Amino acid sequence: MSEPTVSETRLFQPTADFASQSHLGSLEAYRALHKRSIDDPEGFWSEVASELTWMKPWDKVLDESDAPFYKWFTGGKTNITVNCIDRHVEAGNGDRVAIYWEGEPGDSRVLTYADMQKEVSRFANALKAMGIGKGDSVAVYLPMVPELAIATLACARIGAVHSVIFAGFSAESIKDRVLDASSKAVITSDGTYRRGKELLTKNIVDEGIADCECIKNVLVVQRHPEKEPFAHGWVEGRDHWYHDLAKNASDECAPEEMDAEDMLFLLYTSGSTGKPKGIMHTTGGYMVGTYLTSKLTFDLKPEKDVYWCTADVGWITGHSYIVYGPMQNGVSQVMYEGAPNYPAENRFWEIVEKYKVSIFYTAPTAIRAFMKWGDDHVTKHDLSSLRLLGTVGEPINPEAWMWYHRMIGAEKCPIVDTWWQTETGGHMLTPLPGAIATKPGSATVPFPGIDAAVLDEDGNEVERGILAIRKPWPSMLRGIYGDPERYKSTYWCKWDGKYYFPGDGAIKDEDGYFWITGRVDDVVNVSGHRIGTAELESVFVEHPAVAESAVIGVPHEIKGQGLVAFVIIRTGAEGDEDVMRKELTSMVDSKIGKFARPEKIIFSGDLPKTRSGKIMRRLLRDIAEDRPLGNISTLADPSVVEILKDKIKG
Ligand code: WT7
C-alpha cells in the first residue's frame, strides 16, 4: 500500500444552469439524502418503491434473517414490465417514443410505449404458445435489434427467467450457459450486421445447442422481414419463425403476478476461478434500484430527454440501463445495432445529431478509440443537444475524461463516471449531476443507499486498499445460480460477512472521493468486458501440446487492459510457433469469443515459480510491463526471468 495516491487535482463544479434544473441540485441535497438513506435504509427504499406500481405492497422492506441471502420487499407482488410500459400508457404517454432504433446498414424503426405494450404482449403470447411459463429459463442470443428488448421484457411479462447471452459469444459459450441454466428455449435471429459483414447468429446457436437436450424450441426473429433471410439451418418441430407465431398471437397479455423475490434473470459473468457464474437478480429490488439510479444518475426528464446508452443488452449495462431503468422512467432512447466505426468513424456523432440525443452513456475504451480516430469525425456534427455524459465499465484515464469533456461535452455537460458491476445490478459510486463536482478519473461518491468504504485485508479503513460495501442494497445479486457456497465465499467472506467484496481496489481521497484502481483478483477488464484469466488458461491446456499456461492482464492503450498468455509446450511436442499461435487463437474464438483473444502469446520452456511450484503472476506482470523486478531469489529457477524478458521484447 505504498504506491502514490491521487495526483489529479482538477475539480469541475456543476454549472448553475444544470444544477437549477436537476433532480438533486446541490451538494447539501445529496448529503442530506445520502445521510437519510444510511440512517434509515428501509424508510428510504420504501419511499422509492412507493413511486412504482405494485399489485400488492410488501410486508417487509429488508429481511436479513438469512444473511448474506438478503431479501427485499418480501411479500410484495408486481411485474416489472408494468412499470416499464403499462404505467406510461395508462398515464397518457403511450404516444411517446420508447425506442428510436438504428440498424447498422442505415435502416431504422421507431416504437412508442404503446407499440411496446403490443409488441411485448405479442411476443409473450408467442412464448406461451411454445409452452414457456413462469419460472422457465429462456436463453436469448440476439443482436441489438428492438426484439432484444422486446424478448427480455416478454419473458418478464410471463415470469420466465431470461438468460441473455451477448451475441459475440461463441457456440461453446452458449452451450455452457444453456446447460447451466437448463434453458427450455432459445430466442435468436437469422443474422445481423457487424462492420458491414453478416453474422449468422442462428447457425452459432444451432452449433451451441446441438447437445442440449433441455432446449425444446428455438424462436427465430428475421432481421429483415422484407428481404430474403440470412443463410440458416433449420430443425423442423424445434425451430419457429417469430413472424409465423406472431400472426396468431394476441397483442394483449396480462402481466404475471411476480413475488418481489421471484427470479427476473440470470446473467453470466467471469470470476477469478472456474466457469462463468450465473448471477441471479430478482424482481422487486432490481426494479427499485434500476429505477432510482436511472432517474438520479442521468437526471432523466422523460418529457424532453433522448437518452442513448451504447452498451449491448448482452451485458448488465444494457439490462439495467437500456431495458429496465430507462423504460421504468418512461424516457425515449436510441438503440443502435452496429459498430461505432461503420460505415465511418463518425457514426455515433451522426446518430447523436440525427436523434438530438441529450444523454449519452458509453465506455472509456470507446472514448479512447474516438480520440485516436481524430477530432474531425466529431467536429463536423452538431452535438449541441447533449446535456449529460456518462462512462461505465472500467477506470477512465484523466486524458480521455478531458477529451470527452471538451470535444463531446463542450465543457458544459457533467460527466457521470459510474462504478458498478453485474452483481450490483445498478450504480454504486457515481457523481449525481448538478450536485457533485467531478474529478477526471474518479467515480466520486456513493449513490444514496450505498455505504462504501476502502479497507485493508483486516477490515481497517485505509486511504488505499480494497473497495467494500457495508450494507445490502435492493438491486444486489441474490446469489450464483446453483452454487450458494460460491456466492458466500466469493462476495461475503473477506471481512466475515460484514461487507460485500466486489473485487476492486480503490483509493478514498481527502474529499471522500473514490478512485477505482482496478481488479484485485485474477479478472481482467478488456474493453470493459470481464475475462477470468483461469478461463483462458483452461482453454489453452485443452490443446494436446500445451503443458501449462499463465494469463495476465497488461495495460492497453485503447482496451484499457489486454491479455498476455504465457504457454509452456510439452517436451517433444514443440513445433512451429506461428502455427501453434493460430491454433490457440482459434480455440479462444470457438470456446469463448473473439473479444477474449490475447494480444500476445509467448511460448516458453518454463515459467517463474516459487519453490513450492506456484506461478508468480505478479512477476509475469512486471516482466510484461518492463518494470524493475526486485528480489527474485525465492524463484526455483531465476534464469527463466531473463529468457522471458527477451521473449517479450522480441
Ligand atoms: C467491473 C464490473 C458496470 C457494468 C459494466 C461492467 C469495472 C465498472 C467502472 C468504473 C472503474 C469500473 C470494475 C468492476 N468497472 N465500472 N466506472 N470505474 N472500474 O460490468 O462486467 O460486471 O464488470 O468493471 O472492475 O468490478 P462487469
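Every value quoted in this text rests on a predicted model; they were computed, and no experiment measured them. Every number for a ligand or one of its atoms is a count from 1 in the order of the listing.
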Presence of salt bridge, [Y] and [X], under 4.0 angstrom:
X: K494; Y: E457; answer: yes
X: E510; Y: K439; answer: no
X: E557; Y: K372; answer: no
X: D180; Y: K275; answer: no

Please list, by chain and number, the protein residues whose heavy atoms come under 4.0 Å of ligand 1. I316, T317, V392, G393, E394, P395, D417, T418, W419, W420, Q421, T422, D504, I516, R519, N525, R530
Say whether T290 and Q328, considering side chains only, have a donor N or O and an acceptor N or O under 3.5 Å apart.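 Per modelled atom types, T290 and Q328 side chains form a pair under 3.5 Å.
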No-hydrogen, no-angle side-chain donor-acceptor test under 3.5 Å, Y361 and T418: yes
